[in-house]
There are 2 protein chains.
Amino acid sequence: MADLDLRRLRYFVAVAERLHFSRAAEELLIAQPALSRQIRALEKELRTELFVRDSHGVELTDTGRQLLDDARPLLAAADAARRRVDRAARADRTLVVGFRTGIRVTDAVRDFTAAHPEVTVEVRSVEWDDQAEALLDGRVDVAYVRLPVLADGLALTPLYSEPRMAALPAGHPLAAKDALTSAELARQTEILHLCVNPDPNPGGPRPVSAIRTVEEKLEYVAAGRGVCYLPRSATDLYRRADVRCLPVTDLPPDEVALAHAADRPSPLIDAFREAARRTAPPEA
Amino acid sequence: MADLDLRRLRYFVAVAERLHFSRAAEELLIAQPALSRQIRALEKELRTELFVRDSHGVELTDTGRQLLDDARPLLAAADAARRRVDRAARADRTLVVGFRTGIRVTDAVRDFTAAHPEVTVEVRSVEWDDQAEALLDGRVDVAYVRLPVLADGLALTPLYSEPRMAALPAGHPLAAKDALTSAELARQTEILHLCVNPDPNPGGPRPVSAIRTVEEKLEYVAAGRGVCYLPRSATDLYRRADVRCLPVTDLPPDEVALAHAADRPSPLIDAFREAARRTAPPEA
DNA sequence: GATCGGCCATGCGCCGAGGGTATCGCCGAC
DNA sequence: GTCGGCGATACCCTCGGCGCATGGCCGATC
């Protein structure tokens, strides 16, 4: 039994997702006849029909659906493997540091570079909902994260913590105070949650709106649609007159940690971790 | 970034496992130069060395080890996907029933075939350590299993249970009794465990020996090296003069169930499950 | 109801990837 | 020094995949 061909699988997924050969071919940057032939060849290899093509268009068969379910994770795994190899190949020459808005990385990078001038340090911003993936598949070597982190397979080094703040509209009755408690906020107003994943559970209930950035979040707050929690570095960064930010005294502080893939130890990662620890801001 | 090629990955794994190009090529049924070229091409594609080749032979680099770690599960996933598609393709024409020694399947097959004469029923024996895999990747559609089953993703239908027996050498002091308790066995003798996996945890401690079949197990018992537990159907099947089998009164009976992959429902599987339930032997 | 347009399949020629055979280069063993 | 084992290279051939042009089918349009 010959191997499946990942290129053909990718072609198949492209067609299955669009149910349209010509458009899929366009997306794949090949001509439509080539795509038709490849799909036919795949069907022949598997000795089964994957699509029903009739005058109404193209549809998946049951077998096709089965293959689609398998093909997507398989292709993702292949990509991840490829990235991990890429990472291993440059492991002793380059360090890729992931971070998110509001986290200061320059001090640690400078400290690290002083000790390892031969190593190229890349700094790359990482989406929150992708940070664990990015670490595990090798797109970044280490990443600053805010605890808690939900994924397995990551080694975490706590670095520092910062007060948790609440952002509320400037005219809000609570905005006159100097500090707040979570009870006051829970009782008085609706809390906006940052929804990072485009569609966390498809079909299910979802947060107000697909808010992806802190700016967007604050926009909602300024519009009087609610309040939200933020770490202090975020409120410092995005100061605005129509939003007031106050410390919330009874919530545990927001902890920032350095994460890296738990397998695949590396002296460079260890060195960067020490650099990050040395340069972490003092506790507030 | 082009896709990894699974064929090349398979070549790579073959070399990595043998650390010998010529022998790997022989195994792969290609000539050695072709293999050398493919590995070189893979290294070029990944822009990194995977092996160090010197006069002492061939060795993996760190990157090569990383790739090997990823390649094996990837290839296994591809094979499993292929098998699941094969299964989906024949889902409404064929039913593959897995079973293990000592389980009687003919009654259920006959009952099922009477109701579905158009369906081809294949019966295939399955290794214990492979039964969950075989169900999940579609090599078998349903399988008779003995509880408990350790794998997730399987739907289980209990069918019947049978007494648990102990097998001991004919001359053993306890062999004169009519029945035993687990306490007597635990106190008096060493228990042989059936070691089904060729090497359960490489490098770690392992059971006495790689016993794979009931016959082998009984051979050890006859040789006086221990006693073992078996379900009654097994002791009935492999009767021998130098081994005595007695019921163990205080152990829960051995339960036989029908298992199938929890996703991918199928009317044929449902029908076979009913047939199995109808034809299950009465409780002892 | 003839034509047109959208869409997938097919025919054909080209090119490159991959395989086989023969051979080279290196190194260690005897 | 020679020989044998092993991986790399040279050279050639085959086949698979692609693009272009075109065919065949069907539904929409006027």
Side-chain angles (χ1 to χ4, degrees), chain A residues 1-61 63-65 67-68 71 75 78 82, chain B residues 1-61 63-65 67-68 71 75 78 82:
Chain A
M1 183 184 71
D3 276 324
L4 286 172
D5 181 346
L6 291 189
R7 185 176 35 81
R8 276 186 184 165
L9 273 194
R10 217 174 278 283
Y11 289 179
F12 165 76
V13 171
V15 176
E17 282 177 346
R18 294 171 186 70
L19 297 177
H20 196 295
F21 279 72
S22 302
R23 277 194 265 282
E26 192 177 352
E27 193 73 19
L28 294 167
L29 302 176
I30 61 172
Q32 167 264 320
L35 181 56
S36 285
R37 278 192 302 260
Q38 287 303 318
I39 299 296
R40 281 259 179 255
L42 183 58
E43 290 178 323
K44 188 175 176 188
E45 179 186 338
L46 299 175
R47 277 188 288 277
T48 182
E49 305 278 300
L50 297 171
F51 296 102
V52 286
R53 309 142 167 93
D54 60 14
S55 47
H56 306 310
V58 176
E59 270 184 53
L60 278 168
T61 61
T63 309
R65 258 184 292 277
L67 182 61
L68 184 58
L75 291 170
R82 170 66 189 264
Chain B
M1 183 185 70
D3 275 325
L4 286 172
D5 181 347
L6 291 189
R7 185 174 34 81
R8 275 186 186 167
L9 273 194
R10 216 174 279 283
Y11 289 179
F12 166 75
V13 171
V15 176
E17 282 176 345
R18 292 171 188 70
L19 296 177
H20 198 295
F21 279 72
S22 303
R23 278 194 261 283
E26 192 178 351
E27 194 72 19
L28 294 167
L29 303 175
I30 62 173
Q32 169 264 319
L35 181 57
S36 284
R37 277 194 304 260
Q38 287 303 317
I39 298 296
R40 281 260 179 254
L42 183 58
E43 289 178 323
K44 187 176 175 187
E45 179 186 337
L46 299 175
R47 277 188 289 278
T48 182
E49 305 278 299
L50 297 171
F51 297 101
V52 286
R53 309 142 167 93
D54 61 14
S55 49
H56 307 308
V58 175
E59 271 184 53
L60 276 169
T61 62
T63 310
R65 260 185 292 278
L67 183 60
L68 184 58
L75 291 170
R82 170 66 189 263

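As the structure is a computational prediction, the values presented were derived from the model and not from experiment. All chains are named by letter (A, B, ...) in the order of the sequence lines, taking the proteins before the strands, and each is independently numbered beginning at 1.
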Is there a side chain to side chain contact (heavy atoms under 4.5 Å, CB included) between A:Leu35 and A:Val15? Walk through the geometry before answering.
CA-CA 9 Å; A:Leu35 181 56; A:Val15 176; 3.6 Å; yes
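- Rounded to whole angstrom, the span from the CD1 atom of B:Ile30 across to the P atom of D:dG7 amounts to 13 Å.
- Nearest-nucleotide positions on DNA chain C for A:Arg40 and B:Gln32 put A:Arg40 closer to the 5' end.
- Distance B:Arg23 CZ to D:dC6 P: 5 Å, rounded to the nearest Å.
- Residue B:Ser36 has no polar side-chain atom (N or O) positioned under 4.0 Å from OP1 or OP2 of D:dG7.
- C:dC7 atom C1' lies 13 Å from atom CD of A:Glu26, rounded to whole Å.
- For B:Arg8, no side-chain nitrogen or oxygen approaches OP1 or OP2 of C:dG19 to under 4.0 Å.
- At the heavy-atom level, A:Phe51 lies nowhere under 4.0 Å from the strands shown.
- Residue B:Asp5 has its side chain nearest to C:dG18 when only C:dG18, C:dA22, C:dT10 are considered.
- Rounded to a whole Å, the CG atom of B:Asp54 is 12 Å from the C1' atom of C:dC26.
- Dashed line: the shortest gap from a side-chain N or O of A:Ser22 to OP1 or OP2 of C:dC7 is not under 4.0 Å.
- Regarding B:Phe21, its CZ atom lies at a distance of 16 Å from the P atom of C:dG20, rounded to whole Å.
- Within the structure, every side-chain polar atom (N or O) of B:Arg7 is placed at least 4.0 Å from both OP1 and OP2 of D:dG16.
- Distance, B:Arg53 CZ to D:dG7 C1': 8 Å, rounded to whole Å.
- Between the base of D:dG16 and the side chain of A:Arg37 there is no donor-acceptor pair shorter than 3.5 Å.
- Between A:Leu19 atom CG and C:dC7 atom P the separation is 13 Å, expressed in whole Å.
- As judged by a 4.0 angstrom heavy-atom cut-off over every strand, B:Ala31 is placed among the base-contacting residues.
- With respect to the salt-bridge test (charged N to carboxylate O, under 4.0 angstrom), the residues B:Arg40 and B:Glu43 qualify.
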Any chance you could lay out the ring pair (Phe, Tyr, Trp, His ring centres under 6.0 Å) test for A:Tyr11 and A:Phe21, step after step, and finish with the verdict?
CA-CA 10 Å; A:Tyr11 289 179; A:Phe21 279 72; over 10 Å; no
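- Residues A:Arg8 and A:Glu45 are paired through a salt bridge, judged by an N-O separation under 4.0 Å between the basic side chain and the carboxylate.
- Rounded to an integer number of Å, the gap from B:Lys44 NZ to D:dT9 C1' is 14 Å.
- Side-chain atoms of A:Ser36 and A:Gln32 include a donor-acceptor pair closer than 3.5 Å.
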